[in-house]
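Quick notes on the structure that follows.
Below, chains carry the letters A, B, ... as their sequence lines are ordered, and counting in each starts from 1.
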Amino acid sequence: MKIYNTLTNKKEKFIPIEKGKVKMYVCGPTVYNYFHIGNARPLIFFDVVKKFFEYFGNEVILVRNVTDIDDKLINRSIEEKIPVTEIAEKYTKAFFDDCKALEINPADHHPKATEYISDMINLIKELEEKEFAYEVNGDVYFSVSNVEGYGKLSGKKLEDLQAGARVEANKQKKHPADFTLWKKAKPGEPKWASPWGEGRPGWHTECVVMSRKLLGGTFDIHGGGIDLVFPHHENEIAQAEASNNKKLANYWMHNGYLNIEGEKMSKSLNNFFTARDILKKYDAEAIRFFFLSKHYRSPIDFNEDIIKESSQAVKNLYNTIKSADYLNIIDNKFKFTEIHLQHKNNFVTAMNDDFNTAKAISVLFDITKTYNKTKDPGFIHLLIELGNVLGFFLDLKEKLSNDLSDISGELIELLISYRIRLKHEKNWEMADRIRNDLKEMGITLKDTPEGTDWNIEK
RNA sequence: GGCGACAUCGCCAAGUGGUAAGGCAAAGGUCUGCAAAAUCUUUAUCCCCGGUUCGAAUCCGGGUGUCGCCUCCA
C-alpha cells in the first residue's frame, strides 16, 4: 500500500503505527452554512479510504471535527439574526443529514471545538511557557520564527511568505506569518474566560488538541482539502510539534479542488452548488462515481453533463446486477475461484497505489463485462463486494426491491399480464401503449426471454 | 513577485521508460413484433519545440496554455 505524502511529496509505503489499526484525522466542516458539492469530495474520498482499510480487516478510527466557533459563524449569526450556538446547531444537523443522503458513513468521533476550549487554553499556556507564543492586548500569537523548519509541509519559506505578503501585516504580530492562538472577544461575541482575558480560540488549535486526545500524540493519517495545507495544517504541525516534540501525523493526504467551469468554486463568483441541491437532481451514487472516477489529488471540473454521464454509468452497473436477479442470489454463499480473484487482485492493486479509484472503477466494468459473457454469478458477488469498498451498491436489498405498496405492485403485474395477452394477439399498438404509459409514470418494462421485468426509474 | 500542480480520443479519464485501460456519447451488425438490455465491430501516438535513450505520453531543457496556494482573510 502506497500513499502520496504531502510532507515528502512522494508516494510512500504505508506502515501504520500499530499493526492492524489505522488512526485518521480528517478536517471537517465549519458549520456556518450548508456544505457545497466541493466539500463533498474529501467526505466521499476519505469514506472510501476508511472502507478500503477495513476491507482488509484493519480497525480504523476516523475523527472528523466540527468547527462550531469561528468568525464565519459569528458573521452568519449576524446575517441570520440568530445566536451563534443556534447557527452551529442548525448547520451541524444539516451536515449530518447531507452526509447521510450522500451515503457517507459517519466518522467514529465528531469532536466539536467548543467542547475542547479548556484543552486548547492549556495547550496555549504550554506554548507560552515554552516561548512559542506571546500575548499582545488579549490576543495570543504563535511565533513561527521560533520553530525550526516552519513551512515543511507546504514547502514555503518564511522569507518568501514575507516577501509575497499581499495583505497588510497585523502590526501586533512580531512576524507576519505568526498566527492567532487566542482571539480577544469584541463586545457581543461569544467568549470564554482565559488567562489572557475573555475570547475564543484561534483556528488551528482545535485540531491539535482534539486529535491528541482522541488519537494520541502521533497518528497515522491526517487528511483534508489541498487548500488546508497552508496555513491550516502547517500551523497545526508547528504548534503540535513545538509543544510535545512529536510528529503530529505520519502521512498527510490532500484531495484536489472542485472547480466549476474551470474556475474555483467560490461564493463571490456565485458559482457554487450546495450538496443538497445537487442531490435533488442526482443520486448519491452518481455523485460518488463522478468524484471517484478521477484521482483524488487532481483538480476536478464540475458540470452537469459529467454528472449525467456518471449517472448513466452507475445505471449500467445496476442493470447488470438486476439482470442477474441479485435479490435471489444475495444470500447464497459464494466461494471465489482463481478467475474471480484475478479481477479482485486488479482492483486491490489499483487501490494500493495511492487509492487509484479511477482504475478500480474500471475493474468493476471489467467484471461486469465478464459476467455478461459468462453469466457466472460469482462475478456479481465480486462486483458487489468490491463496489461496496468504494461505497457503491450499499443497502442493495432496499434499492432493488421496488418501493411500492403491495397493491400498486400487483396492479403493475396485472397490467403486464394483460399486455402479454395483447402481445400474443399481436396487438402491438395496445401493448406499446401500456408500456409507454407506464414509462411516463416512471415505470420501465423490459421484455426478456424469461418474461417481463419492471423497474421504477428515478 | 514567491511557491506549486496540470495539459492523453467528441466529453470524462487511467497509464511515470517498452510501444495508448475504462466510462459516457456516436456509427454499424446480431438479438427483439418494436423497444430496453446484452453482445460484436469502428474512432487518439498523448499541447508545441529540442535533447537523453535501442526505445518516451512517461526522463531533461525551453515554450505555450489552464489552475491553485501565499497569513482571522472576502
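Here A/R64 contributes atom CZ and A/I104 contributes atom CD1; the two are 7.0 Å apart, rounded to the nearest 0.5 Å. We find the NZ-OH distance between A/K308 and A/Y282 to be 4.5 Å, quoted to the nearest 0.5 Å. Here A/L394 contributes atom CG and A/K51 contributes atom NZ; the two are 5.5 Å apart, rounded to the nearest 0.5 Å.
Using a 4.0 Å heavy-atom criterion, one finds that A/N235 contacts no nucleic acid atom at all. Residue-level contact check: A/Y257 touches the backbone only, with heavy atoms under 4.0 Å from sugar-phosphate atoms and none from bases. Among the atoms of the strands shown, base atoms are found under 4.0 Å from some heavy atom of A/K446. Residue contacts for A/D432: at a heavy-atom cut-off of 4.0 Å it reaches a base atom on one of the strands shown. Within 4.0 Å of A/I300, counting heavy atoms only, lies no atom of the nucleic acid at all. Using a 4.0 Å heavy-atom criterion, one finds that A/R433 contacts no nucleic acid atom at all. Within the 4.0 angstrom heavy-atom criterion, no nucleotide atom of any strand lies near A/G256.
Taking the six-membered ring for Trp and the full ring otherwise, the centers of A/Y318 and A/F393 sit less than 6.0 Å from each other. If you look at A/H204 and A/F142, their ring centroids are not closer than 6.0 Å. Aromatic ring centres of A/H340 and A/H381: separated by at least 6.0 Å. In summary, the aromatic rings of A/Y91 and A/Y34 are positioned with their centroids under 6.0 Å apart.
Out of B/rC72, B/rC69, B/rG33, the shortest distance to the side chain of A/F230 is found at B/rC69. In the set B/rC34, B/rA14, B/rA38, B/rC34 carries the atom at the smallest distance from any side-chain atom of A/R435. For A/K173, the side-chain atoms get nearest to B/rU71 when compared with the rest of B/rC67, B/rU71, B/rG33.
RNA chain B is contacted by both A/D178 and A/F290; A/F290 maps to the nucleotide lying nearer its 5′ end (nearest heavy atom per residue). When each of A/K294 and A/T370 is assigned the nucleotide of RNA chain B bearing its nearest heavy atom, the one mapping closer to the 5' terminus is A/K294.
For B/rC72, the base has a donor-acceptor partner in the side chain of A/K183 [N/O atoms by modelled type, under 3.5 angstrom].
The shortest distance between the side-chain N/O atoms of A/N372 and the OP1/OP2 oxygens of B/rU39 is below 4.0 Å. Under 4.0 angstrom from either OP1 or OP2 of B/rA36 there lies no side-chain N or O belonging to A/N319.
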Distances under 3.5 Å between nitrogen or oxygen atoms of protein and nucleotides 22-24 of chain B:
residue	atom	partner	partner atom	Å
B/rG23	N2	A/E309	OE1	2.9
B/rC24	OP1	A/N316	ND2	2.2

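Nucleotide B/rU8 holds its P atom 17 Å from the NE2 atom of A/H295, rounded to whole Å. For the pair A/W182 CH2 and B/rC72 P, the computed distance is 18 Å after rounding to whole Å. In this entry the distance linking CD1 of A/I380 with C1' of B/rA38 reads 13 Å, nearest Å. Between the NZ atom of A/K72 and the P atom of B/rC72 there is a distance of 10 Å, rounded to whole Å. To the nearest angstrom, P of B/rC31 lies 19 Å from NZ of A/K373. Note: CZ (A/R419) to P (B/rG33) measures 12 Å, nearest angstrom. For the pair A/L228 CG and B/rC73 P, the computed distance is 18 Å after rounding to whole Å. In this structure, OH of A/Y296 is placed 21 Å from P of B/rG68, rounded to the nearest angstrom.
The cationic group of A/K344 does not satisfy the cation-pi geometry with A/F336, failing either the under 6.0 Å distance to the six-membered ring centre or the 45° limit from the ring axis.
The gap from the C1' atom of B/rG51 to that of B/rG28 amounts to 45 Å, rounded to the nearest Å. B/rA5 and B/rG10 have their C1' atoms separated by 26 Å, given to the nearest Å. With C1' as the reference atom, B/rG17 and B/rA56 are 6 Å apart, rounded to whole Å. On the P atoms, B/rC60 is 14 Å away from B/rG4, given to the nearest whole Å. Taking the C1' atom of each, B/rU53 and B/rU58 are spaced 13 Å apart, rounded to whole Å. Between the P atoms of B/rC49 and B/rU64, the separation comes to 15 Å (whole Å). Taking the P atom of each, B/rA14 and B/rU41 are spaced 26 Å apart, rounded to whole Å. Of the C1' atoms belonging to B/rA36 and B/rC31, the separation is 12 Å, rounded to the nearest Å.
Base-pair partner of B/rU16: not found among the strands shown (Watson-Crick or G-U wobble, both distances under 3.5 Å). Using N1 to N3 plus N6-O4 or O6-N4 for Watson-Crick, or N1-O2 and O6-N3 for G-U wobble, each under 3.5 Å, B/rU58 pairs with nothing. Remark: B/rU30 base-pairs with B/rA38; criterion is Watson-Crick or G-U wobble with both hydrogen-bond distances under 3.5 Å. Pair assignment for B/rG10 gives B/rC24, based on Watson-Crick or G-U wobble hydrogen-bonding distances that are each under 3.5 Å. Both distances falling under 3.5 Å, in either a Watson-Crick or a G-U wobble arrangement, place B/rU66 opposite B/rA5.
Checked for salt-bridge contact, A/K359 and A/D353 miss the test: no charged N lies under 4.0 Å from a carboxylate O. With respect to the salt-bridge test (charged N to carboxylate O, under 4.0 angstrom), the residues A/E189 and A/K183 do not qualify.
An aromatic stack links A/W428 and the base of B/rG33, using centre distance under 5.5 Å and interplanar angle under 30°.
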